[in-house]
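All remarks here apply to the structure that follows.
Both ligands and their constituent atoms are indexed starting at 1 by order of listing. In what follows, residues are counted from 1 in the order of the sequence shown. Only heavy atoms go into these numbers, but all of them, side chains included; no hydrogens, no water, no symmetry mates.
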Amino acid sequence: MKNRIAVIGGGPAGMIAAATAGALGKNVFIFEKNNKLGKKLFLTGKGRCNITNAGEVEDLIENVVSNKSFLYSAFYSFTNNDIIELLSKFGVDTKIERGNRVFPVSNKSSDVIKALEKYLSHEKVEIVLNKEVKYIEKRDNDNFRIEFSDSEEQYFDRVIIATGGKSYQQTGSTGDGYYFAQNFGHTIIDLRPALVPCEISEEWVKKLQGLALKNVKISAYVGKTKIFEDFGELLFTHYGISGPIVLTMSNYINRYIGEKINIVVDLKPALSDEKLEARILRDFEKYSKKQFKNSLDDLLPRKLIPVIVELSNIDEDKFVNQITREERKRVINLFKNLRMNFSGFRSINEAIVTSGGVSTLEIDSSTMESKIVKGLFFAGEVIDVHAVTGGFNLQIAYSTGYLAGLNC
Ligand code: FAD
């Protein structure tokens, strides 16, 4: 009789794992608790799905934040080109955008899901929807007993846990896999939000809600130690800051939670202090007869001006030609070092990915098999690996899913 394989979770990791095992002629069942596959995949890339990243494999590894070396085997076994070719075979053409981000030409994540569904049918995988796994145990005769929420139980020779992380729980990723893994004796590395917006304690931030600043530099400090620095786009929100560089920053500062973290924004990273001073002097000359509050239009977005004026402690009605050198220095300092206090992350439910998960020390990186329980495999976000934005997290899902499917 053919091996019966259970794949738990119908996200990208589970779908690739199941189809890979199916292609090898195994008898594969994929159990998904939702009424459709890939609910989170549907949301990716703002509905456009940033499928993968077209960089070299070394670039993929470089953009992983935790446990890079664990992913070598997976990334080399199933590459970005492999997923692009696979999707093309099942009807999805792709294009490359800024930062090597790969998207479907149609800009529809639903097309990616449809292609993966076709792949599953092609490999004769049995898709079981609305089927929630409640409990898994290994029996004496070496097979696994799976208990479902409808009280049914079934038996399998191998099990692949591909239940995802703990964020965006409405998509079905409620962290069940961590509980299953723990029951088997696996260590779960602290679960934290990653790629998540940040809350800021200063009240003035709220006044900037909706303002997007392109090409700024953001740095984060614990005491005097710089723990992060990057350039890009920052978005102010009603609770603090978000946008691409802030999400990336969250991946690096989440290990300092509990310590006081300061965030410093350089609004004019292309200008040195001297060049900025010359620029401001030019504007102050041009607007010498105007009030301070009306003198910054050429330098700052309109919404930011009242905030900078307030933070400078310079009377907003003061005429520009009366501003002292010391006051001007204060303005320059605000442009170059706009300081904020980080007061926490938004909840894990708002995180793009979960950092932490099943310890990589307990999984064989070349097969994804548990080192603790033979016949048990892991794939995707449930493992303690995550990356920055750019298509890398989905590539982790496919590559680890592939190895699990191949070796189960
Ligand atoms: P998931 O996609 O979370 O799938 C897990 C599945 O398991 C779910 O369908 C869930 O319902 C099912 N499941 C859970 N428990 C059970 C159970 N007990 N029984 C049965 N089924 C169960 N990454 C990128 O690379 N590019 C992007 O553009 C991108 N955009 C994103 C946008 C958003 C808003 C979010 C939230 C994430 C984004 N990501 C992106 C990250 C990416 O979506 C995830 O890393 C990826 O989906 C993880 O895949 P997975 O298969 O491991 O888990």
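- Residue I352 has no N or O atom closer than 3.5 Å to an N or O atom of ligand 1.
- Of the options G175, G9, G172, the smallest heavy-atom separation from atom 14 (C) of ligand 1 is shown by G172.
- Proximity of V382 to ligand 1 is not established, as no heavy-atom distance is less than 4.0 Å.
- Near F31, with a cut-off below 4.0 Å to any heavy atom, the atoms of ligand 1 are 20 (C), 21 (N).
- For the pair L406/T367, no side-chain contact is recorded, criterion being any heavy-atom separation below 4.5 Å from C-beta on.
- Two residues are said to be in side-chain contact when any heavy atoms from C-beta on lie closer than 4.5 Å; S399 and Y402 fail this criterion.
- In terms of protein heavy-atom proximity, atom 36 (C) of ligand 1 is closest to Y168 CD1, 3.3 Å.
- For D176 and K134, the salt-bridge test fails: no basic side-chain N is under 4.0 Å from an acidic carboxylate O.
- Those atoms of ligand 1 with a heavy atom of D176 less than 4.0 angstrom away are 15 (N), 16 (C), 17 (C), 18 (N).
- The distance from ligand 1 to the heavy atoms of E132 drops below 4.0 Å at these ligand atoms: 18 (N), 19 (N).
- Counting atoms of ligand 1 from 1 in the listed order, those under 4.0 Å from a heavy atom of V353 are 41 (C), 45 (O).
- Looking only at heavy atoms of the protein, atom 8 (C) of ligand 1 is closest to E32 OE1, 3.5 Å.
- Of the protein's non-hydrogen atoms, T44 CG2, 3.3 Å is the one closest to atom 43 (O) of ligand 1.
- With respect to atom 48 (C) of ligand 1, the closest heavy atom belonging to the protein is E381 OE1, 3.4 Å.
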Apply side chain to side chain donor-acceptor pair (under 3.5 Å) to D230 and T248, showing your working. CA-CA 9 Å; D230 201 3; T248 301; 4.9 Å; no
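- For atom 49 (O) of ligand 1, the nearest non-hydrogen atom of the protein is P12 CG, 3.4 Å.
- No N or O atom of T174 sits closer than 3.5 Å to an N or O atom of ligand 1.
- Close placement of the F156 and F29 rings is indicated, their centers lying within 6.0 Å of each other.
- Taking a cut-off of under 4.0 Å to the non-hydrogen atoms of G380, the atoms of ligand 1 that pass are 52 (O).
- Ring-plane geometry between F144 and F184 is classed as perpendicular, the angle between the planes exceeding 60 degrees on a 0 to 90 degree scale with a lower cut at 30.
- Of all protein heavy atoms, the one lying nearest to atom 3 (O) of ligand 1 is S173 OG, 2.7 Å.
- Proximity of K131 to ligand 1 is established by a heavy-atom distance of less than 4.0 Å.
- Scanning the protein for heavy atoms near atom 23 (N) of ligand 1, the closest one is L394 CG, 3.5 Å.
- In this pair, F345 and F342 present their aromatic rings perpendicular. The plane angle is above 60°, beyond the 30 to 60° band.
- Taking the six-membered ring for Trp, F228 and Y221 have ring centres at least 6.0 Å apart.
- Within the 4.5 Å cutoff, no side-chain heavy atoms of V331 are placed close to those of L334.
- For H122 and F90, the ring centers are positioned less than 6.0 Å apart.
- Geometrically, ligand 1 and S167 share no nitrogen or oxygen pair separated by less than 3.5 Å.
- Considering backbone and side-chain N/O atoms, G45 comes within less than 3.5 Å of an N/O atom of ligand 1.
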Can you list the steps and then say if V159 with I146 is a side-chain contact (heavy atoms from CB on, under 4.5 Å)? CA-CA 9 Å; V159 172; I146 294 188; 4.1 Å; yes
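- Taking only nitrogen or oxygen atoms, main chain and side chain alike, A379 does not reach within less than 3.5 Å of ligand 1.
- Taking any N or O of K33, backbone or side chain, at least one lies under 3.5 Å from an N or O belonging to ligand 1.
- In the vicinity of G11, heavy-atom distances shorter than 4.0 Å reach the ligand 1 atoms 2 (O), 4 (O), 6 (C), 51 (O).
- Checked against a 6.0 Å centroid threshold, the rings of F75 and F78 do not count as neighbours.
- Looking at K131, R145, R4, E147 one by one, the single match for side chain to side chain donor-acceptor pair (under 3.5 Å) with Q154 turns out to be R4.
- For a threshold of 3.5 Å applied to N or O pairs, the pair formed by C49 and ligand 1 contains no separation below that value.
- Between I127 and L37 the shortest side-chain heavy-atom distance falls below 4.5 Å.
- Taking the six-membered ring wherever Trp is involved, the centroid distance between the rings of F378 and H186 falls below 6.0 Å.
- Close approach of ligand 1 to N393 is summarised as follows: ligand atoms under 4.0 Å from at least one heavy atom of the residue are 23 (N), 25 (O), 45 (O).
- Checked by distance only, ligand 1 and K39 stay at 3.5 Å or farther apart across all their nitrogen or oxygen atoms.
- Geometrically, ligand 1 and N34 share a nitrogen or oxygen pair separated by less than 3.5 Å.
- Stacking of R328 on the aromatic ring of F284 is not recorded, the 6.0 Å distance cut-off and the 45° axial limit not both being met.
- Annotation: atom 19 (N) of ligand 1 to nearest protein heavy atom, V133 N, 3.0 Å.
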